[in-house]
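All remarks here apply to the structure that follows.
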Amino acid sequence: MSQPVKVAITGAAGQIGYAMLFRIASGGLFGPDQPVKLGLLEITPALGALNGTLMELDDCAFPLLKGVTATDNAEEAFADADWVILVGGMPRKEGMDRADLIRANGPIFTGQGKAINAAAPKAKVLVVANPCNTNCLIAMSHAPNVPRENWFAMTRLDENRAKAQLAQKAGVGVSDVTRMTIWGNHSDTQYPDYKNARIGGKAATEVISDHAWLGETFIPTVAKRGGAVIKARGASSAASAANAALDCVRSCSQPTPADDWHSVAIFSDGNPYGVPGGLMYSFPIRTGGDLSCSIVPELAIDDDARRRIDASADELQKEREVVKELLGPAV
Ligand code: NAX
């Protein structure tokens, strides 16, 4: 058996953490032959709850799980991690707008960026905690030793939601939907790009003849799906978010199948689509044979798409402005 892969997770006692840990420990992330170690970070008051989760991990007797560290010390949790998944944060409370949430959560990512820089400079990092694009920018800015290519913010849940909507509308299985891009921010301004998506190898716009649905219903359904789940379930999307995080890490850790791509936010400097630099922006991404991620170039962008791509970039620039005092030297 190979050496264990270490995955560090923050907010490990939260809803998404709970939905994620057991799947990673059972081989659901790296496969049935890859041992894993976990580094779990929580705030001090949540360590008791995290201890209960540890007891359950013990009680699963997972053969692949070769060690768990549970702590309120970030450097200890991150030490020598191969992947760090930043899930922990403060949820939006009643009366808080997006800027309040950004200001409340920003400082967490200053400290965690520094801790990754010190304890796990070779790690790849996926930020899930919202606002995930801007939190990722803050953490990255405090980690000059960690290559910029190693930083990702999650839009995979949006991609998966978009694929499911298109598949249901077309009456096909989700694996028939490929080339699904989420452009921009993990927020209502995201652009789920059905115009470049394919269904069974054909343009989605050819397979789905109801263009009014594509233009008017599909995009807001995907963008507002999180709110719809909260309304129906009385709690936020935890299992599907955990699943998306695993999908995202996997897609960034293995070559992308020919003729497809995946969506994840990366640092926007030098992108081929005219998105301003200095942002964590979601693009169509292919992971190459050397496991580096690159933006799929030369996709058709019409005026409507351009407007949407720019609107999401504008929102991210405003978020960057809100946190400018929290940004470190690495951006
Ligand atoms: P929970 O409130 O259940 O869990 C968050 C956990 O983070 C708590 O256990 C809390 O103690 C811990 N925490 C708080 N501050 C911390 C710190 N400084 N260090 C370590 N841990 C800390 O939320 P949950 O439902 O698990 O959601 C977690 C985050 O994911 C939220 O920010 C949420 O908005 C975000 N989401 C992101 C999604 C995405 O697609 N990018 C979708 C799902 C989700 O909304």
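First listed ligand is number 1; within each ligand, the first listed atom is number 1.
Heavy-atom contacts of Cys132 reach the following atoms of ligand 1: 41 (N) (cutoff under 4.0 Å). Near Ser236, meaning under 4.0 Å from any of its heavy atoms, are these atoms of ligand 1: 25 (O). Taking every non-hydrogen atom of Gln112 and a distance limit under 4.0 Å, the qualifying atoms of ligand 1 come out as 17 (C), 18 (N), 19 (N), 20 (C). Under a 4.0 Å criterion applied to the non-hydrogen atoms of Ala13, ligand 1 contributes the atoms 9 (O). The contact set between ligand 1 and Val87, taken as ligand atoms under 4.0 Å from a residue heavy atom, comprises 28 (C), 29 (C). Applying the 4.0 Å criterion to heavy atoms of Ala241 picks out, from ligand 1, the atoms 42 (C), 43 (C).
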- Check against side-chain contact (heavy atoms from CB on, under 4.5 Å), Thr134 and Met280: CA-CA 7 Å; Thr134 296; Met280 293 301 303; over 6 Å; no
- Message: Checking Asp269 against Arg148 for the salt bridge (Lys or Arg N to Asp or Glu O under 4.0 Å) test, could you report, in this order, the C-alpha distance in whole Å, the side-chain angles of both residues, the deciding distance, and whether it holds?
- Response: CA-CA 10 Å; Asp269 273 18; Arg148 281 179 174 177; 3.6 Å; yes
- Message: Show, in sequence, the C-alpha distance, side-chain angles and deciding distance for Arg156 and Ser263, and conclude whether the side-chain hydrogen bond (donor to acceptor under 3.5 Å, both in side chains) test is met.
- Response: CA-CA 6 Å; Arg156 183 54 168 264; Ser263 297; over 6 Å; no
- Going through the distances and angles, do Trp261 and Phe283 end up as a ring pair (Phe, Tyr, Trp, His ring centres under 6.0 Å)? CA-CA 10 Å; Trp261 59 70; Phe283 292 102; over 10 Å; no
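The two residues Arg161 and Ser237 have their closest heavy-atom pair at NH2-OG, 3.0 Å.
Polar contact check, Thr10 against ligand 1: no nitrogen or oxygen pair lies under 3.5 Å apart. Residue contacts with ligand 1: Gly88 is placed with no nitrogen or oxygen under 3.5 Å of a nitrogen or oxygen of the ligand (distance criterion only). At least one N/O-N/O distance between Val128 and ligand 1 falls below 3.5 Å.
Less than 4.0 angstrom separates atom 21 (N) of ligand 1 from at least one non-hydrogen atom of the protein.
At the shortest separation from atom 26 (O) of ligand 1 among protein heavy atoms lies Ile16 N, 2.9 Å. At the shortest separation from atom 17 (C) of ligand 1 among protein heavy atoms lies Ile43 CG2, 3.6 Å. For atom 5 (C) of ligand 1, the closest non-hydrogen atom of the protein is Gly89 O, 3.8 Å. Scanning the protein for heavy atoms near atom 42 (C) of ligand 1, the closest one is Leu157 CD2, 3.7 Å. In this structure, atom 4 (O) of ligand 1 lies nearest to the protein heavy atom Gly14 CA, 3.3 Å. Looking from atom 18 (N) of ligand 1 to the surrounding protein, the closest heavy atom is Ile108 CG2, 3.4 Å. Considering only non-hydrogen protein atoms, atom 23 (O) of ligand 1 sits nearest to Gln15 N, 4.5 Å. What sits closest to atom 45 (O) of ligand 1 on the protein, heavy atoms only, is Asn130 ND2, 3.5 Å.
Ligand 1 has no atom lying under 4.0 Å from any heavy atom of Arg156. Distances shorter than 4.0 angstrom do not occur between any heavy atom of Ala238 and any atom of ligand 1. Note on ligand 1: Ser237 sits in its first shell, one or more heavy atoms being nearer than 4.0 Å.
Val68 places none of its side-chain heavy atoms less than 4.5 Å from the side chain of Lys37. In this structure the side chain of Leu246 reaches within 4.5 angstrom of the side chain of Met20, judged on heavy atoms. Looking only at side-chain heavy atoms (C-beta outward), Val5 and Gln34 come within less than 4.5 Å of each other. Residues Tyr281 and Leu316 form a side-chain contact, since some pair of their non-hydrogen atoms from C-beta on lies under 4.5 Å apart.
Closest to atom 39 (C) of ligand 1 by heavy atom, among His186, Glu42, Glu159, is His186.
In the hydrophobic clustering of this structure, Val125 groups with Ile138; members are Ile, Leu, Val, Met, Phe, Trp, Tyr whose side-chain heavy atoms approach within less than 4.5 Å, directly or through other members. Using a 4.5 Å cut-off between side-chain heavy atoms of Ile, Leu, Val, Met, Phe, Trp and Tyr, with links allowed through other members, Trp151 and Leu41 fall into the same hydrophobic cluster. In the hydrophobic clustering of ILVMFWY residues, with side-chain heavy atoms under 4.5 Å counting as a link, Ile285 and Trp83 come out together.
At a 4.0 Å heavy-atom cut-off, ligand 1 touches Ala129 through backbone and side chain alike.
Ring planes of Tyr273 and Trp183: perpendicular class, angle over 60° (limits at 30 and 60°).
Residues satisfying the ring-ring contact (aromatic ring centres under 6.0 Å, His included) test with Tyr18, not counting sequence neighbours, are Phe22.
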